[in-house]
There are 2 protein chains.
Amino acid sequence: MEWTIQELAARAGITSRTLRHYDRIGLLAPSRVGANGYRYYNLAAVARLQRILLMRRLGMGLSAIAEVLADEVDTCDGLRAHIAALEEERDRIERQIRSVRHTLEALQSGAEPRMDVMLAGFNDGYKDEVISRWGERAFQVSNDWWHGKSLDQQRAWKQDTEDLVAAWVAAAKAGVSPTSEHAQSLAARHVRWLSQIPGTPTAEGDRERSIEMVKCMGDMYVDDPRFAGMYDDAAGATFVRDALHAYARTQM
Amino acid sequence: MEWTIQELAARAGITSRTLRHYDRIGLLAPSRVGANGYRYYNLAAVARLQRILLMRRLGMGLSAIAEVLADEVDTCDGLRAHIAALEEERDRIERQIRSVRHTLEALQSGAEPRMDVMLAGFNDGYKDEVISRWGERAFQVSNDWWHGKSLDQQRAWKQDTEDLVAAWVAAAKAGVSPTSEHAQSLAARHVRWLSQIPGTPTAEGDRERSIEMVKCMGDMYVDDPRFAGMYDDAAGATFVRDALHAYARTQM
DNA sequence: TTTGACCTTGACGCTGCGTCAACTTCTAGC
DNA sequence: GCTAGAAGTTGACGCAGCGTCAAGGTCAAA
């Protein structure tokens with residue numbers, strides 16, 4: 001089974017120019033080139049194109065895509081990673097939908113929309129932030145840690161995180177005090193959760209910097225739009241911050 | 001409440017250069033410019049930026065974005081349209097996830113992955129296809145028809161379509177014959193569904209071309225990757241095609 | 001054999017910024 | 001009040017990822 005350049009382009013929703021471009025830069029060579037110079041693509045080439053288009057959709061540059069495809073030993077692993085990336089993208093879009101809904105509701109009810117919630121779901125790279133706050137090494141360590149996990153472990157971690165967040169939101173909605181026993185036990189769980197990440201002061205047993213970090217995280221949940229909407233709304237984030245501050249002051 | 005260029009950039013996950021670029025091209029002016037030439041952004045500017053980033057994520061060019069924002073009378077309508085667009089994007093990603101899963105499973109089970117399913121979820125523009133097959137006018141008419149609908153009507157139409165597809169898939173899975181009474185009643189429903197779209201031969205009462213179109217649609221469900229995965233798998237699409245062909249031969 | 005669709009290789013252009021460079025302005029500590 | 005450093009400004013150049021001619025060669029059908 002073989003396709004000409006136009007057939008493949010039409011089916012993939014791109015132009016033949018793009019395929020020629022990919023050939024020129026060595027990203028996707030046709031499986032066969034006729035004596036007349038015509039390009040022909042077989043199933044393997046189509047599979048490679050699928051992966052290229054997937055990564056391109058996720059915003060990767062063509063050179064980065066070429067690297068990934070070159071380094072790849074197991075196609076199955078690559079596909080699994082792609083599914084994970086797509087699921088993350090879907091979740092990000094879900095957050096954006098919620099964010100726009102918030103803006104819309106605020107606008108309709110006459111309330112002033114809040115900047116933090118409005119911009120939730122747009123930022124992707126924590127990288128620079130982590131580096132500037134905790135140093136390059138911290139980023140390296142936590143990044144290696146994350147990518148050293150299996151996909152199942154990554155899923156488990158995400159589930160843990162979601163459970164924790166859900167518990168926080170429920171507590172905030174219940175109207176209990178941030179200094180209540182329940183809230184403080186959540187804060188303790190939060191700190192344990194944080195301490196699982198190597199490279200953080202808490203994981204390294206640095207008490208001084210641990211306290212500072214826990215307080216800082218609390219502040220970020222409120223102030224940093226990167227976390228906006230994570231704890232449902234501003235009240236939720238404030239609740240988490242207050243609970244964490246209290247915990248850092250009294251229990252650490 | 002006002003932010004400097006860096007503050008806004010950091011929070012939106014872009015660079016200050018990008019904001020300056022948007023100012024230069026007239027896409028997003030700062031709400032205030034200090035005597036020192038510094039740019040300051042207020043909430044309204046942030047809201048506009050939110051919409052710009054939303055549209056940019058959906059692949060629109062900056063000039064197209066500017067047009068949309070200029071033409072817009074009601075911000076709420078714009079936001080609602082955005083939510084709809086984001087939901088579609090999310091659905092598309094869902095389809096891609098299923099498509100990649102299919103490729104992965106085929107690879108693991110040793111089966112050869114199928115090109116049509118592999119490329120499902122990549123094409124977006126039916127436009128050229130519609131024009132080349134049914135003429136520019138057909139596209140204009142059906143496009144006007146679609147955009148003349150309210151959001152509620154659009155949702156209802158999508159629901160109808162999904163119901164129809166689900167019925168087809170269930171019938172195919174049940175193992176009944178494409179010429180069975182049940183399949184033929186589904187085919188009749190399918191033709192009625194098609195005839196709702198103005199500009200199509202069926203809607204215009206052109207019997208000859210109607211038959212041709214129904215057959216052609218059936219073929220496309222099988223051969224055209226644009227519809228790949230719509231009826232679950234190749235067996236589903238084949239079932240629909242056979243049922244439609246039989247209906248076109250005997251009932252129209 | 002002709003017509004029209006599809007293929008080829010250049011080559012230039014456009015968009016959406018990244019990235020200096022050169023300079024001014026604000027902020028914080030001594 | 002002075003000075004260092006962070007953050008602001010306006011050019012100007014560069015690059016990626018194609019779109020879009022131009023100037024042809026190839027192929028299938030009539």
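Letters go in sequence order (proteins before strands), and every chain restarts at 1.
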Practice problem: Kindly state which residues belonging to residues 21-34 of chain A come within less than 4.0 angstrom of DNA chain D, counting heavy atoms of the residue only, listed by number. | Solution: A/H21, A/Y22

Quiz item: Taking only residues two or more places apart in sequence, or in another chain, which ones meet A/R101 in a salt bridge (charged side-chain N to carboxylate O under 4.0 Å, His left out)?
Solution: B/E87

Exercise. Carefully, step by step, assess B/R56 and B/I14 under the rule side chain to side chain contact (heavy atoms under 4.5 Å, CB included).
Key: CA-CA 12 Å; B/R56 204 184 57 167; B/I14 55 178; 3.8 Å; yes

Quiz item: Between C/dT15 atom C1' and B/I65 atom CD1, what is the distance in whole Å?
Solution: 12 Å

Quiz item: CZ of A/R17 versus C1' of C/dC14: gap in Å, rounded?
Solution: 13 Å

Practice problem: Would you kindly give the CD1-to-P distance between B/I14 and C/dT19, to the nearest whole Å? | Solution: 15 Å

Self-check item: Side-chain donor/acceptor of A/R39 to base of C/dT8, under 3.5 Å
Solution: no

Quiz item: B/S16 near the nucleic acid: base, sugar-phosphate alone, or nothing, with a heavy-atom cut-off under 4.0 Å?
Solution: nothing

Self-check item: Partner residues of B/R32 under the salt bridge (charged side-chain N to carboxylate O under 4.0 Å, His left out) criterion, sequence neighbours left out
Solution: B/E2

Quiz item: Which residues pass the side chain to side chain donor-acceptor pair (under 3.5 Å) test with A/E67, sequence neighbours left out?
Solution: none

Quiz prompt | Atom-pair distance (CG on B/L19; P on D/dA7), nearest Å | solution = 16 Å

Self-check item: Derivation and outcome, side chain to side chain contact (heavy atoms under 4.5 Å, CB included), residues B/R51 and B/L79
Solution: CA-CA 8 Å; B/R51 312 227 29 226; B/L79 288 179; 3.8 Å; yes

Quiz item: Under 4.0 Å: is that the gap between some side-chain N or O of A/T15 and OP1 or OP2 of D/dG19?
Solution: yes

Quiz prompt | Quiz item: A/R20 side-chain donor-acceptor pair to C/dT9 base, under 3.5 Å | solution = no

Atom pairs, N/O to N/O, protein against nucleotides 24-26 of chain D, distance under 3.5 Å?
{"unit_1": "D/dG25", "atom_1": "N2", "unit_2": "A/Y38", "atom_2": "OH", "d": "3.0"}
{"unit_1": "D/dT26", "atom_1": "O4'", "unit_2": "A/Y38", "atom_2": "OH", "d": "3.3"}

Exercise. Check the pair A/H21, A/L62 against side chain to side chain contact (heavy atoms under 4.5 Å, CB included), reporting the backbone distance first and the verdict last.
Key: CA-CA 11 Å; A/H21 184 60; A/L62 297 188; 4.2 Å; yes

Practice problem: Using atom types as modelled and distance alone, determine if a side-chain donor or acceptor of A/S31 lies under 3.5 Å from a backbone N or O of A/N42. | Solution: yes

Quiz item: Atom CG of A/L62 and atom P of D/dC15: how far apart are they, to the nearest Å?
Solution: 16 Å

Exercise. Please state how far atom CE in B/M60 lies from atom P in C/dG16, giving the value in whole angstrom units.
Key: 11 Å

Quiz item: Can you list the residues that meet the side chain to side chain donor-acceptor pair (under 3.5 Å) rule with B/T4, with sequence neighbours excluded?
Solution: none

Quiz item: Whole Å only: how far is the CD1 atom of B/I52 from the C1' atom of C/dG16?
Solution: 13 Å

Quiz item: For B/Y40 and B/V33, what are the C-alpha separation, side-chain angles and deciding distance, and is it a side chain to side chain contact (heavy atoms under 4.5 Å, CB included)?
Solution: CA-CA 6 Å; B/Y40 299 97; B/V33 177; over 6 Å; no

